[in-house]
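Shown next, in structure tokens, is the structure this report addresses.
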Amino acid sequence: MFFWWALETIVTLLVFYVATGQILIPLWRGTPCFPGFRSKEAELHRKLERARQEEIERELELQYEATQKQETSQEADPAPQSSPASESQPDPKNPAGS
């Protein structure tokens with residue numbers, strides 16, 4: 001008698017697990033039912049997402065490196081900028097104005 005009660009309890013828990021884990025939760029999340037059987041599909045989706053993320057990171061790194069090179073080239077060779085206000089005022093160190 002105990003054997004049948006234990007078997008009934010185990011089967012009931014198993015049905016409850018399958019109903020919630022494989023049907024109700026995926027329906028609530030808006031994902032396909034029985035995700036346990038879709039492990040290959042899910043793995044491929046994860047690999048695809050990882051590849052996309054790595055591609056985005058590579059593009060951002062290239063943009064960052066290009067920006068760094070551009071900034072260092074500007075710092076190493078700054079173009080002299082003269083403002084019209086500084087040209088009209090005499091140099092205080094050189095009173096002759098030459």
Side-chain angles (χ1 to χ4, degrees):
M1 195 65 171
F2 176 74
F3 172 75
W4 292 113
W5 177 83
L7 184 63
E8 182 180 329
T9 304
I10 291 171
V11 169
T12 303
L13 291 174
L14 185 63
V15 168
F16 180 75
Y17 167 74
V18 169
T20 56
Q22 301 295 315
I23 298 171
L24 295 177
I25 292 175
L27 285 175
W28 181 45
R29 291 181 179 171
T31 59
C33 292
F34 297 101
F37 298 112
R38 302 177 191 273
S39 62
K40 181 72 173 176
E41 181 182 352
E43 180 183 343
L44 291 174
H45 279 290
R46 282 192 299 271
K47 285 182 179 179
L48 180 61
E49 185 61 32
R50 190 177 311 126
R52 286 180 183 159
Q53 186 65 29
E54 289 173 358
E55 180 65 26
I56 291 171
E57 288 174 3
R58 265 189 257 120
E59 289 177 4
L60 289 174
E61 286 176 0
L62 289 174
Q63 288 178 358
Y64 176 76
E65 289 173 1
T67 304
Q68 289 294 89
K69 287 180 183 178
Q70 187 178 25
E71 287 177 359
T72 55
S73 67
Q74 287 178 355
E75 289 174 2
D77 191 25
Q81 297 177 353
S82 61
S83 64
S86 65
E87 291 176 0
S88 63
Q89 296 177 353
D91 188 12
K93 294 180 184 177
N94 189 0
S98 56

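Note that these values count all heavy atoms, side chains included, but never hydrogens, waters or copies made by symmetry. Since we're looking at a predicted model, the values are computed, not measured.
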**Q.** Distance-minimising heavy-atom pair for Gly21 and Pro26
**A.**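 So the minimum-distance heavy-atom pair works out to O-CD, 3.6 Å.
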Q.
Tell me the closest heavy-atom pair linking Ile23 and Cys33, and the distance in Å.
A.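 Where Ile23 meets Cys33 most closely, the heavy atoms are O-SG, 4.2 Å.
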Q. Are any of the side-chain nitrogens in Lys47 or Glu43 under 4.0 Å away from the carboxylate oxygens of its partner?
A.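 Yes.
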Q | Heavy-atom check, side chain of Gln68 versus side chain of Glu71, under 4.5 Å | A |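 A side-chain contact under 4.5 Å exists here.
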Rounded to the nearest 0.5 Å, what separation is found between the [atom1] atom of [X] and the [atom2] atom of [Y]?
{"X": "His45", "Y": "Glu49", "atom1": "NE2", "atom2": "CD", "value": "10.5 Å"}
{"X": "Gln53", "Y": "Arg46", "atom1": "CD", "atom2": "CZ", "value": "15.5 Å"}
{"X": "Thr67", "Y": "Leu62", "atom1": "OG1", "atom2": "CG", "value": "10.5 Å"}
{"X": "Thr20", "Y": "Leu27", "atom1": "OG1", "atom2": "CG", "value": "11.5 Å"}
{"X": "Leu13", "Y": "Glu8", "atom1": "CG", "atom2": "CD", "value": "10.5 Å"}

Q: Report yes or no: do Trp4 and Val11 belong to one cluster of Ile/Leu/Val/Met/Phe/Trp/Tyr joined by side chain heavy-atom distances under 4.5 Å?
A: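 Linked, Trp4 and Val11 end up in one cluster.
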Q. Among the clusters formed by ILVMFWY side chains lying less than 4.5 Å apart, do Tyr64 and Ile56 turn up in the same one?
A.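 Tyr64 and Ile56: separate clusters.
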Q. Got a sec, which residues hit side-chain contact (heavy atoms from CB on, under 4.5 Å) with Gln70, two or more places apart in sequence or on another chain?
A.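 Partners of Gln70 under the side-chain contact (heavy atoms from CB on, under 4.5 Å) test: Gln74.
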